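The block underneath contains the structure these notes are about, expressed in structure tokens.
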Amino acid sequence: MKKTIVLFSAVLFAFVLVFTLSSCSGDDSDTLYVYNWGEYISDGSEDTLDVNKAFEEYYLETYGKKITVNYSTFSSNEDMYAKISSGAVSYDVIFPSDYMIERLIKENLLAELNYDNIPNYSHIFDSFKGENAFYDPQNKYTVPYAYGMVGIIYNTTLVDEADAAEQSWGLMWNEKYSGEILQFNNSRDAFGTALYYLGYDVNDATEEQWKSAKDKLLEQKPLVQAYVMDEIYNKMKGASASIASYYAGDYIMMYEDNNDLEFYYPKEGTNYYVDAMCIPSSSKNKELAERYINFMLSEEPAIANAEYTYYATPNDLVVNNEEYQEYMNDIKENAIDLLYGQFDSVPTSAYRNLSSDRLALINELWEELKIVSDVGTGIYIFGGIIAAALIAVIVVMVVRKKKREKLAQ
């Protein structure tokens, strides 16, 4: 028995030793985990540059080391936050929006960047640095990736031009288009549409004003076909919906496939946002992540990403590139002006991180809204089915009773 144990131990030790040596010397690869918005990077489709693959090739050529980019996507800041804050998954590079960056910094969920590893940061316009970057005024945690404003997309063949000409959030509440309206499926943007329409401050609204915004969304609910994020592309491109609130860059992407779509920034005011590249404090590959961010700012991938996403970029290598400007304006005649030149056309404000009490209130109001919209309708449908079934049973019973009475006669 003892000989068996000794032999087993020797074999086990040899296996562990071989495995350890092979892990140290035989496999020289690392994995970079990137977590980004959907449709937000040039991915190699339709002859575009596959940026992640290009980074893998660049890294092998530059540093002599094989790495793999593991790329996944989220549909809202809130979904991303739930993953990051839970600690269940570790990412190396994430792309949150401004107000969410404030929250992540406050909760110590972001790592400070070593900008020595990101020399291409010099290509970011100064207007996106320092105090101008309210979400990271000391420039410790972020590198801006893209920016823009929220507006309203509408189908010119399905919406009366007179209704769209008002350039108002009110189009999202127009009963004429019941069942043809798409609303954001995230709390901050959905409430933002109602707050702007009501004339309330999206950051300093009182509790009563937030409740009024919920009531406004409840008023809109019967008109809404669906609460969406990435699902909006197929619905608007395929004309299965007529009106939606969404981001300007995505509108241009949809317009490329459906020239009947138009867009405007609502006159009551709208959200101005910045999405940035950050490294979570839980990252296991911080230096590799910084080199990835630096690569994203270099000319070829930066232009490829801007042309693929159609979002405005804070990178001078892109904005000052004439071929990029021609490319965008070939898709839509006023694309560059729409993305870069209309920030003074309507009042704008950026979402800020809110207090824990206010965030709790918003979550509560959002859940109330979604319960009414998702469960409430289901209850009515289920109730209708039950009622119809009862009526059918009663009819059958009456018919059978009459047949029995005839037979008895």
Side-chain angles (χ1 to χ4, degrees), residues 19 23 27 29-41 43 51-53 55-56 59 66-114 117 135-136 140-143 145-146 184-191 227-231 273-293 295-296 351-371 374-375:
F19 179 79
S23 297
D27 182 9
S29 66
D30 283 317
T31 300
L32 182 76
Y33 291 90
V34 179
Y35 199 31
N36 195 2
W37 295 84
E39 303 288 343
Y40 216 31
I41 193 171
D43 62 3
V51 169
N52 286 327
K53 183 179 180 181
F55 176 69
E56 293 172 349
Y59 204 87
K66 179 182 177 182
I67 61 99
T68 300
V69 177
N70 185 307
Y71 187 84
S72 56
T73 63
F74 56 85
S75 60
S76 72
N77 281 293
E78 288 67 28
D79 288 346
M80 180 274 302
Y81 171 79
K83 278 279 192 73
I84 299 299
S85 61
S86 71
V89 183
S90 178
Y91 295 101
D92 299 304
V93 181
I94 58 175
F95 292 69
S97 300
D98 37 34
Y99 73 94
M100 188 54 69
I101 292 170
E102 283 190 300
R103 184 174 184 180
L104 293 169
I105 292 173
K106 182 179 179 181
E107 297 181 16
N108 298 314
L109 293 173
L110 295 184
E112 292 190 20
L113 301 180
N114 179 359
N117 291 328
Y135 49 88
D136 182 19
K140 289 183 177 182
Y141 304 94
T142 62
V143 172
Y145 177 68
F184 280 111
N185 193 25
N186 77 75
S187 57
R188 201 67 194 272
D189 280 323
F191 273 103
Y227 293 87
V228 299
M229 290 304 292
D230 290 344
E231 308 94 321
Y273 58 87
V274 177
D275 297 330
M277 295 178 282
C278 309
I279 299 177
S281 54
S282 61
S283 168
K284 296 179 176 60
N285 281 301
K286 184 171 180 291
E287 185 173 326
L288 178 58
E290 289 165 343
R291 288 172 175 169
Y292 178 85
I293 292 172
F295 178 79
M296 293 283 277
Y351 296 144
R352 302 297 302 266
N353 184 39
L354 303 173
S355 68
S356 56
D357 288 345
R358 188 62 79 234
L359 288 172
L361 172 66
I362 295 171
N363 289 336
E364 178 184 340
L365 296 176
W366 181 244
E367 288 303 316
E368 290 175 4
L369 173 70
K370 294 309 291 291
I371 287 171
D374 297 337
V375 178

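Just so you know, these numbers come straight off a predicted model, no measurement behind them. Values below: every heavy atom of this structure, side chains too, minus hydrogens, waters and symmetry copies.
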Is the positively charged end of Lys370 above the ring of Tyr227, judged by distance under 6.0 angstrom from the centroid and angle within 45° of the axis?
yes

Considering residues at least two apart in sequence or located in another chain, which fulfil the ring-ring contact (aromatic ring centres under 6.0 Å, His included) criterion with Tyr135?
none

Smallest heavy-atom separation, Ile41 atom then Met296 atom, equals CD1-CE, 3.9 Å

For residues Leu354 and Leu359, report the shortest heavy-atom separation together with the two atoms involved.
O-CD1, 3.6 Å

Is it true that Thr142 and Asp136 share a donor-acceptor pair across their side chains at a distance under 3.5 Å?
yes

Will you find, in the side chains of Tyr33 and Asn285, an N or O donor that is under 3.5 Å from an N or O acceptor?
no

Under the salt bridge (charged side-chain N to carboxylate O under 4.0 Å, His left out) rule, what pairs show up with a residue in residues 275-289, not counting sequence neighbours?
Lys286-Glu290, Glu287-Arg291

Under 3.5 Å side-chain donor-acceptor pair for Tyr351 and Glu102
no

Does one side chain, of Asn77 or Ser97, offer a donor that lies under 3.5 Å from an acceptor on the other?
yes

Step by step, work out the ring pair (Phe, Tyr, Trp, His ring centres under 6.0 Å) result for Phe191 and Phe184.
CA-CA 9 Å; Phe191 273 103; Phe184 280 111; over 10 Å; no

Among Phe74, Phe95, Tyr71, find the residue that satisfies the ring-ring contact (aromatic ring centres under 6.0 Å, His included) test when tested with Trp37.
Phe74

Ignoring hydrogens and angles, state whether a donor on the side chain of Asp230 or Ser75 is under 3.5 Å from an acceptor on the partner side chain.
no

According to the interplanar angle, ranging from 0 to 90°, do the rings of Tyr59 and Phe55 count as parallel (below 30°), tilted (30 to 60°) or perpendicular (above 60°)?
tilted

